Asker: 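The structure follows.
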Amino acid sequence: MSLNCQDAARMLSEKRDRRLSLRARISLRLHMFACRMCKVYGSQLDTVGRVCREAGLRAEEKCPGEMTDGRKQRINDAMTREPR
Amino acid sequence: MADGPDAPSRDPSRWVDEHGDALFRFAVLRVRDADLAADLVQDTLLSALKGIGGFRGGSSVRTWLTGILKHKIIDYYRRNRSEVLHSDLAPEGDELAHAESLRSSWKESPSSLVENREFWSVLTGCLDGLPEAHRRAFSMREFDGLSGEEIRKVLDVTPTNLWVMLHRARTKLRRCLESNWFEEK
């Protein structure tokens with residue numbers, strides 16, 4: 001039943017994507033109880049997940065980058081050519 | 001078309017000016033390629049133009065356009081499947097060798113991080129360091145919250161492969177954010 005840190009790290013990722021088996025959840029819980037590093041690791045993965053969700057929602061305003069004027073012009077031209 | 005406060009945005013000739021950059025930024029976070037992102041925006045606006053009769057004003061024009069763009073990105077992934085290399089699925093041997101250096105949980109709140117321009121350049125730089133297939137899987141999962149099942153169909157991979165890809169993407173991104181952001185500060 002005992003888990004090493006590598007297994008725990010894998011399971012900490014997987015539990016973000018699917019429901020782990022009862023057995024897996026128990027061994028992970030036991031491991032986390034004893035291992036401070038894996039607890040920190042798990043909470044950092046949570047942060048990565050929450051930051052990325054927020055970034056996904058706010059990218060329209062915040063993600064660096066804009067289209068060049070030339071590129072915008074090409075899109076406008078293509079839209080004008082499009083039969084309505 | 002009714003003249004509401006929203007009326008200018010419904011005029012397709014103004015879409016590029018009013019929504020172009022926002023749509024571009026939405027796409028470029030996800031596909032990490034400026035030309036491709038601009039192509040996807042163009043594709044989106046042309047489809048929207050053809051389908052404008054279907055827009056009923058239940059949502060804003062922006063939300064409607066973003067929804068179309070989201071589908072265009074997923075469609076692109078589906079039509080241009082990125083090869084998942086064998087090495088991309090090999091178990092990560094050394095990850096927790098770094099465990100000793102994990103100091104504490106990260107305190108900054110996600111909502112304040114996304115207000116910070118420098119954080120964005122670190123985040124996008126870290127995304128650029130992921131293998132293409134991993135980045136696509138991660139992006140659909142974490143930016144857009146798609147289910148594993150949906151992502152598997154788009155990428156055409158087994159459940160186990162998907163979990164390995166996501167695990168490796170998270171591992172690498174966590175480490176990159178740690179060394180370029182959280183420990184820099």
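Here the structure is a predicted model, which is why all the values come from computation and not from measurement. Letters A, B, ... are given to chains in the order of the sequence lines, protein chains preceding strands, and every chain is numbered from 1.
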Asker: Within the side chain of B/Arg174, is there an N or O that forms a donor-acceptor pair under 3.5 Å with the backbone of A/Tyr41?
Answerer: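 Side chain of B/Arg174 to backbone of A/Tyr41: no pair is present.
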
Asker: Would you call A/Asp17 and B/Arg152 a salt bridge, taking side-chain N to carboxylate O under 4.0 Å as the test?
Answerer: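 Salt bridge: no.
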
Asker: Which atoms of A/Arg53 come close to chain B, meaning under 4.5 Å heavy atom to heavy atom: side chain ones, backbone ones, both, or neither?
Answerer: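 For A/Arg53, heavy atoms of backbone and side chain both lie under 4.5 Å from chain B.
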
Asker: Please check: side-chain N/O of B/Arg170 versus main-chain N/O of A/Ser13, any donor-acceptor pairing under 3.5 Å?
Answerer: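 A pair under 3.5 Å: yes.
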
Asker: Within this structure, what is the CE-CG distance for the pair A/Met79 and B/Leu45, rounded to the nearest 0.5 Å?
Answerer: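 Atom-to-atom, A/Met79:CE and B/Leu45:CG are 5.0 Å apart.
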
Asker: Against chain A, work out which of B/Arg117, B/Glu149, B/Arg30 has the most heavy-atom pairs shorter than 4.5 Å and name it.
Answerer: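 So the answer, after comparing B/Arg117, B/Glu149, B/Arg30, is B/Arg30.
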
Asker: Could you state the interatomic distance from SG (A/Cys63) to CZ (B/Phe24), rounded to the nearest 0.5 Å?
Answerer: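 Answer for the SG-CZ pair, A/Cys63 versus B/Phe24, is 8.5 Å.
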
Asker: By a 4.5 Å heavy-atom criterion (distance strictly below it), what part of A/Glu61 contacts chain B: side chain, backbone, both, or neither?
Answerer: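 When you check distances to chain B, only backbone atoms of A/Glu61 fall under 4.5 Å.
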
Asker: Tell me, do A/Pro64 and B/Val28 make a side-chain contact under 4.5 Å, heavy atoms counted?
Answerer: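 Heavy-atom side-chain distance check fails, nothing below 4.5 Å.
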
Asker: May I ask whether B/Leu123 and A/Leu57 are part of the same hydrophobic cluster, defined by side-chain heavy atoms of I, L, V, M, F, W, Y residues being less than 4.5 angstrom apart, directly or through others?
Answerer: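 No, B/Leu123 does not connect to A/Leu57 through the hydrophobic network.
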
Asker: Please rank A/Leu45, A/Ile75, A/Val48 by heavy-atom pairs under 4.5 Å with chain B and give me the top one.
Answerer: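 Max contact count across the listed options: A/Ile75.
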
Asker: Checking heavy atoms, do the side chain of B/Ser111, its backbone, both or neither come under 4.5 Å from chain A?
Answerer: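 B/Ser111 touches chain A through backbone and side-chain heavy atoms alike.
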
Asker: What's the verdict on side-chain contact (heavy atoms from CB on, under 4.5 Å) for A/Lys62 and B/Arg25, showing C-alpha distance, side-chain angles and the deciding distance?
Answerer: CA-CA 8 Å; A/Lys62 299 287 180 184; B/Arg25 289 189 287 258; over 6 Å; no

Asker: Highest number of heavy-atom pairs under 4.5 Å with chain A: which of B/Thr124, B/Asp144, B/Thr66?
Answerer: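 When all of B/Thr124, B/Asp144, B/Thr66 are compared, B/Thr66 has the most.
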
Asker: To the nearest 0.5 Å, what is the distance between CZ on A/Arg18 and CG on B/Leu166?
Answerer: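 So the CZ of A/Arg18 and the CG of B/Leu166 are separated by 11.5 Å.
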
Asker: Could you grab the distance from atom CE of A/Met67 to atom CG of B/Leu23, nearest 0.5 Å is fine?
Answerer: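 If I round to the nearest 0.5 Å, the distance is 7.0 Å.
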
Asker: Once rounded to the nearest 0.5 Å, what's the spacing between atom OG1 of A/Thr47 and atom CZ of B/Phe182?
Answerer: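 Interatomic distance, A/Thr47 OG1 to B/Phe182 CZ, rounded to 0.5 Å: 6.5 Å.
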
Asker: Using non-hydrogen atoms only, which part of B/Leu29 is less than 4.5 Å away from chain A: side chain, backbone, both, or neither?
Answerer: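 The answer is both parts of B/Leu29.
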
Asker: Please report the shortest heavy-atom distance between A/Cys52 and B/Leu173, naming the atom on each side.
Answerer: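 The answer is SG-CD2, 4.1 Å.
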
Asker: How far apart are the closest heavy atoms of B/Phe143 and A/Ala55, and which atoms are they?
Answerer: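 So the two residues come closest at CE2-CB, 4.3 Å.
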
Asker: Does any backbone or side-chain atom of B/Ala34 lie under 4.5 Å from a heavy atom of chain A? Answer side chain, backbone, both or neither.
Answerer: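 When you check distances to chain A, no heavy atom of B/Ala34 falls under 4.5 Å.
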
Asker: Under 4.5 Å between any side-chain heavy atoms of B/Phe119 and A/Val51, yes or no?
Answerer: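 In contact.
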
Asker: Who among A/Gly65, A/Gly56, A/Gly42 has the most heavy-atom pairs with chain B under 4.5 Å?
Answerer: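 Heavy-atom pair counts peak at A/Gly56.
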
Asker: Is it true that A/Lys72 and B/Asp21 have a side-chain N and a carboxylate O under 4.0 angstrom from each other?
Answerer: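 Result for this pair is yes, salt bridge flagged.
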
Asker: Any donor-acceptor pair under 3.5 Å linking the side chain of A/Arg10 with the backbone of B/Trp163?
Answerer: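 No, the answer is negative, given that no donor and acceptor are paired below the 3.5 Å cut-off.
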
Asker: Treating Ile, Leu, Val, Met, Phe, Trp and Tyr as nodes and any side-chain heavy-atom pair under 4.5 angstrom as an edge, say whether B/Leu36 and B/Ile68 lie in one connected cluster.
Answerer: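 Yes.
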
Asker: Enter the distance from B/Leu46:CG to A/Arg81:CZ here, rounded to the nearest 0.5 Å.
Answerer: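 The CG atom of B/Leu46 sits 8.5 Å away from the CZ atom of A/Arg81.
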
Asker: Given that the side chain runs from C-beta out, which part of B/Ile151 has a heavy atom under 4.5 Å from chain A: side chain, backbone, both or neither?
Answerer: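 B/Ile151 has no heavy atom closer than 4.5 Å to chain A.
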
Asker: Using non-hydrogen atoms and a 4.5 Å limit, figure out which bit of A/Arg71 sits close to chain B: side chain, backbone, both or neither.
Answerer: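 Side chain only.
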
Asker: For chain B, find which of A/Arg16, A/Glu14, A/Lys39, A/Gln73 contributes the most heavy-atom pairs closer than 4.5 angstrom.
Answerer: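 Heavy-atom pairs under 4.5 Å are most numerous for A/Arg16.
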
Asker: I'd like to know if A/Val40 and A/Phe33 are part of one continuous hydrophobic network [Ile/Leu/Val/Met/Phe/Trp/Tyr, side-chain heavy atoms within less than 4.5 Å].
Answerer: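 Different hydrophobic clusters.
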
Asker: What closest approach, in Å, do B/Gln42 and A/Ala78 show between heavy atoms, and which atom pair accounts for it?
Answerer: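 Nearest heavy atoms, B/Gln42 then A/Ala78: NE2-CB, 3.5 Å.
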
Asker: Quick check on the interface: out of B/Ser13, B/Pro159, B/Gly145, B/Ser147, who has the most heavy-atom pairs with chain A under 4.5 Å?
Answerer: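 Highest number of pairs under 4.5 Å: B/Gly145.
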
Asker: What verdict does the side-chain contact (heavy atoms from CB on, under 4.5 Å) test give for A/Asp46 and B/Trp106, after you've listed the backbone C-alpha separation in whole Å, the side-chain angles of each residue and the deciding distance to 0.1 Å?
Answerer: CA-CA 10 Å; A/Asp46 284 344; B/Trp106 299 334; over 6 Å; no

